Amino acid sequence: MPELPEVETVRRGLERGVVGRTVVAVDVHHPRAVRRHEAGADDFRARVEGRRLLGARRRGKYLWLPMDSGEAVVGHLGMSGQLLVVPPDKPAEAHLRVRFGFDPSTNPGGRELRFVDQRTFGGLAVVPMVGGPAGQSADGLATGGVPASVAHIALDPLDPAFDDDAFVEGLRRRRTGVKRALLDQTLISGVGNIYADEALWRVPLHWARPTDTLPRPTARALLGHVRDVMTEAIAAGGTSFDALYVSVNGVSGLFDRSLSAYGRRDEPCARCGTPIRRDAFMNRSSFSCPRCQPRPRRARY
DNA sequence: GGGTTAACCTGCGGGC
DNA sequence: TGCCCGCAGGTTAACC
């Protein structure tokens, strides 16, 4: 389940594996993979073929590859998406959705890019840039704004421009539960179910704590833990529970060995030994320690 | 306009 | 063995 650390791991792989290449062939194997490209698969292909990829960028869980046309290929991995850089003769994956071939004269490794997605919650689209063109600086890095389809989400907490004070005040203005607020990508992007549970365990804070009762120092501490857990997860190459999340080389992350709450139902809390509980939350799960993270009297879901 | 819910989708594991 | 159901969950449209 890719969240920010997993997407960042993929982005780094794309930076090494596809930036600077010129796309010569695009094969869309499943129309749903480009459903957010409203003009359809043929238009998607036409806008990418012949274009040079200038960079690999990320905000929250969105990835994009700026092109020399001024547009960008925007990707979201959804629940099960993978972007793999593999030899062209490698057999097609069972859920291969889109394949990109590169001009050999621009492609030292001789590999191709594949978008593989079992559950098809993810997808790709070609999107114009807003807030500046997808230019290129002297060192070859892409510069400029963000794709229009990414502009609606908040900065992620690893972005140097992230405004901590604005987050703290925005969080305390909400009238909802703290975990629901953490998952709201328009308040803070990149946080998903796994890292929300981990950060809340570290504070510690119950997931249904009303945001408008959070003291500023607590809100600030929560943000610090979100940053810490994401930074540690990136260093470990992301979290993986099964083969659904992998880097561009197909390698699984190791951070699941470091999780304290998520997926640890009935296992002892690392702080106090009380068995971790699982609660139903928004048609999914929330894991927490009943003793360290007691349910507030006034809970919000 | 902010908060909340359901739908989208496939594979897998458990129960019968 | 095979069928059915629940579960995994990020995003967004639709509803309140």
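FYI, side chains are in, hydrogens and waters are out, and symmetry mates aren't considered; it's all heavy atoms of this structure. Owing to the predicted nature of the structure, the values given are computational and were not obtained by experimental measurement. Here is how names work: the chains are called A, B, and so on, in the same order as the sequence lines, proteins then strands, and each is numbered from 1.
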Rounded distance (Å) that lies between atom C1' of C:dG10 and atom CZ of A:Arg180: 14 Å
Side chain of A:His152 - closest among C:dC7, C:dT12, B:dG3: C:dT12
A:Met282 CE to B:dA7 P, straight-line distance once rounded to whole Å: 15 Å
Short side-chain N/O contact to B:dG11 OP1/OP2 from A:His95, under 4.0 Å: yes
Whole-Å gap separating P (C:dT12) and CZ (A:Arg36): 5 Å
Nearest-neighbour nucleotide for the A:Gln118 side chain, B:dG3, C:dG10, B:dG11 considered: B:dG11
Presence of A:Arg174 side-chain N/O under 4.0 Å of B:dG2 phosphate oxygens OP1/OP2: no
N-O pairing of A:Arg114 and A:Glu112 below 4.0 Å: yes
Closest to the A:Gln185 side chain, choosing from C:dT11, B:dG11, C:dG10: C:dT11
Under 3.5 Å donor-acceptor, A:Gln82 side chain and A:Val116 backbone: no
Side-chain ion pair, A:Asp43 and A:Arg45, N-O less than 4.0 Å: no
Side-chain-base donor-acceptor pair under 3.5 Å for A:Arg119 and C:dG10: no
Between B:dT5 (P) and A:Arg300 (CZ): distance, integer Å: 12 Å
Nucleotide C:dG6, atom C1' - distance to CZ of A:Arg265 in whole Å: 13 Å
Given DNA chain B, 5'-ward residue of the pair A:Asp184 and A:Asn283, judged by closest heavy atom: A:Asp184
Nearest listed nucleotide, side chain of A:Lys61, among C:dA8, B:dT10, C:dT11: C:dT11
Sugar-phosphate only, base, or nothing, as touched by A:Arg35 at under 4.0 Å among non-hydrogen atoms: nothing
Geometric class of the A:Phe167/A:Phe162 ring pair [parallel <30°, tilted 30-60°, perpendicular >60°]: tilted
Sugar-phosphate, base or nothing in reach of A:Phe281, heavy atoms under 4.0 Å: nothing
Bending between helix ends of the helix from B:dG2-C:dC16 to B:dC16-C:dG2 [5 pairs per end, 10° resolution]: 50°
Residue met sooner reading DNA chain C from 5', once A:Ile153 and A:Phe121 are mapped to nucleotides: A:Phe121
NZ/NE/NH1/NH2 to OD/OE distance under 4.0 Å, A:Arg174 and A:Asp184: yes
Touch class at under 4.0 angstrom, heavy-atom based, for A:Arg278 against every strand present: sugar-phosphate
d(CZ, A:Arg32; P, B:dC8) in whole Å: 9 Å
Phosphate OP1/OP2 of B:dG2: any A:Arg175 side-chain N/O under 4.0 Å: no
Electrostatic pair A:Arg51:A:Asp68 at N-O distance under 4.0 angstrom: yes
Nucleotide nearest A:Ser285 when distance is taken to its side chain, options B:dT10, C:dA8, C:dG10: C:dA8
A:Glu3 CD - C:dG10 C1' separation (whole Å): 9 Å
Pairwise side chain to side chain donor-acceptor pair (under 3.5 Å) hits with a residue in residues 290-300 of chain A, at least two apart: A:Arg295-A:Tyr301
Electrostatic pair A:Lys61:A:Glu6 at N-O distance under 4.0 angstrom: no
Value in whole Å for how far the P atom of B:dC8 lies from CZ of A:Arg284: 16 Å
Phosphate OP1/OP2 of C:dG10 contacted by A:His76 side-chain N/O (<4.0 Å): no
